[in-house]
Amino acid sequence: MEKQNIICIACPLGCKLEVEHKKNGIDDYIVTGNKCPRGKDYGIKEMTNPTRVLTSTVKIKNAHLCRIPVRTKGEIPKGLIFKCMKEINKVEISGPIKVGDIIIKNVLGTGIDIIATRSM
Amino acid sequence: MVNYDVVVIGGGPAGLAAAIEAKNNGVNNILVIERDRELGGILQQCIHNGFGLHIFNEELTGPEYAERFIEELYEMGIEYKLDTMVLEVSPNKTIYAMNTTEGILNIQAKAVILAMGCRERTRGAINIPGTRPAGIFTAGTAQRFVNMEGYMVGKKVVILGSGDIGLIMARRMTLEGAEVKAVVELMPYSGGLTRNIVQCLDDYNIPLLLSHTIIDIKGKSRVEEVTVVKVDENRNPIEGTEKIFDCDTLLLSVGLIPENELSENAGVEIHPLTGGPVVNESMETSIEGIFACGNVLHVHDLVDWVTEESRRAGKNAARYVKNQLASNGNIKKTYAGYGVRYIVPQQVRVANIEEKLHLMMRVNDVYNSAKMVIKLDDEVYKRIKKNHLAPAEMESISIPAKDLINRSFTTISVELEVEEA
């Protein structure tokens, strides 16, 4: 049995959730402290498979700045954030780039691309 | 002297939305003046996501949000000048500006929209004692260095102030390999949005020290350590609670100030609490034909609300140019009652309201379970139940014009009715 305390961010209320994981043959999650069903979903997701959009920059040549902002086109597992940063930091591109251009395809086999978030 | 119908000062999110909306409302002769080398304003350095949920119904990064408006501005053929600094706006709407290619510019506008944004409070504004080494930055300056210029500003970081930029920078510095030792907040609650506390601090196990402040900075050429201390309910340091943090960088996220030098010189009346111009329902300042919107008017937490407000300013500037705005008449006032820090707009001319009157406000403390009571003079117009109110989150109320038009009153007030927690 493990417990985790999580602040819900489904809305600005910020409920203090306690998510309890019970293993009685099957996985069972009990969420307390939530004031709405969205809090329950959020609590379970955070406990089982937390994901995030990662934003950063990559080096760019032939542009008016030396960094171009990028993001994951979708959420990646939270545990892969620092590995993904390493991949992003290896890249160096050259302008012109359009917003939405793919900078890294299928990063770390997640099925998620890293895309440029501005034209430069 | 060159003539324009509408001149917008500032090419950030407020200026872009205002210019586009003025054009949408039938004014063609528009100029946007921007002092930076590109349009988009501070959004260009806000590379994190979370922008546009209300306006576009999707989560964009700052540069993506900006680019949508910049593209629209290009497509509409709205004129703009970059690297151009406005020096003076006169009450009769003459604008003196300069740049390196055209020299001094003398521009006459029928309407002016002030959209200069805000700037950060610095160490000097909060008087932190200690030496004056390198390594002390405002969070936004550090953000620009890291995200646009490609310079890492430090390795061991303490952040003072838990405003959103400070929280965002705590995560950003961590991702780029720095160790963020703590975010220190003077108040007993954070000045930032909950989602930023969770996703920027909790995700990376960065401690948030509420009711703490920094009382000393040490370091010869570079920051070497800061002294953090707990404060009492009057925000005075408690002796004996000092903790030394070994760090090379201090980031400050201690508030934003609307940048109103131009407005003040023009003679625009400034509100003591918002730090921005006093405006009416049409976002018009105390000088007829000079409008204001975005962070120069009052500091927002979401750019989506800046866009919405700026569209109103742009539209009304167009109405003013076309002589569709009733300039005088019966002026009502708004009044921030118990628990409400300020309300924008401060003045209302009911005849000019199209469909709805929009009131934006901030509360002065954290309230769980309260009612916002809207009154027309002493009569309660409406009670709105709120589960959660915080100074970090701007509240807005819309009142249909039909509810105001045929009623006699002088003041619209909003106050809180607080139930016991």
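In what follows, chains are A, B, ... by sequence order, proteins preceding strands, each numbered from 1.
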**Report entry** Lys45(A), NZ: over 12 other non-hydrogen atoms inside 6.0 angstrom
**Finding:** yes
Query - Distance-only donor-acceptor check, side chains Thr55(A) and Arg172(B), under 3.5 Å - result: no
Query raised in the report: With distance as the sole test, does Glu67(B) use its side chain to make a donor-acceptor pair with the main-chain N or O of Ser119(A) at under 3.5 Å?
Result: yes
Query raised in the report: Near Asn62(A) CG, under 6.0 Å, is it more than 12 heavy atoms from other residues, nucleotides or ligands?
Result: yes
Query - Greater than 12 external heavy atoms within 6.0 Å of Tyr204(B)'s OH - result: yes
Query - Point-to-point distance, once rounded to the nearest 0.5 Å, from CD1 of Ile9(A) to CD1 of Ile197(B) - result: 11.0 Å
Requested in this report: Below 4.5 Å from any heavy atom of chain B, which atoms of Ile88(A) appear? Answer side chain, backbone, both or neither.
Outcome: neither
Query - Spacing of NE2 belonging to His64(A) relative to CE belonging to Met148(B), to within rounding of 0.5 Å - result: 6.0 Å
Query - Heavy-atom contacts under 4.5 Å, residues 33-42 of chain B to chain A - result: Arg37(B), Glu38(B)
Report task. Please round to the nearest 0.5 Å and tell me the distance separating atom CD of Gln44(B) and atom CZ of Arg118(A). Result -> 4.0 Å
Query raised in the report: Which distance, rounded to the nearest 0.5 Å, do you find between the OG1 of Thr117(A) and the CD of Glu64(B)?
Result: 5.0 Å
Requested in this report: Specify which of Thr61(B), Ile70(B), Leu193(B), Leu389(B) makes the most heavy-atom pairs with chain A at under 4.5 Å.
Outcome: Thr61(B)
Query raised in the report: Any side-chain heavy atom of Arg67(A) sitting closer than 4.5 Å to one from Asn147(B)?
Result: no
Report task. Tell me, yes or no, whether the heavy-atom count around Lys385(B) atom NZ, taken from other residues, nucleotides or ligands under 6.0 Å, exceeds 12. Result -> yes
Report summary line: If one checks every heavy atom of Tyr151(B) against chain A at 4.5 Å, the contacting part turns out to be neither
Report task. Using non-hydrogen atoms and a 4.5 Å limit, figure out which bit of Lys78(A) sits close to chain B: side chain, backbone, both or neither. Result -> side chain
Query raised in the report: Would you say the side chain of Phe82(A) lies within less than 4.5 Å of the side chain of Thr174(B), judging by non-hydrogen atoms?
Result: yes
Report summary line: Pair count under 4.5 Å, heavy atoms only, with chain A: among Gln199(B), Gln45(B), Glu149(B), highest is Gln199(B)
Query - Side-chain touch His48(B)/Arg71(A), heavy atoms, less than 4.5 angstrom - result: no
Query raised in the report: Which bit of Asp202(B) is near chain A, if near means a heavy-atom gap under 4.5 Å: side chain, backbone, both or neither?
Result: side chain
Query raised in the report: Between Leu60(B), Ile47(B), Val146(B), which shows the greatest number of heavy-atom pairs under 4.5 Å with chain A?
Result: Ile47(B)
Report task. Give, as side chain, backbone, both or neither, the part of Leu54(A) having an atom under 4.5 angstrom from any heavy atom of chain B. Result -> side chain
Query raised in the report: Should the heavy atoms of other residues, nucleotides or ligands under 6.0 Å from NZ of Lys156(B) be counted, would the total exceed 12?
Result: yes
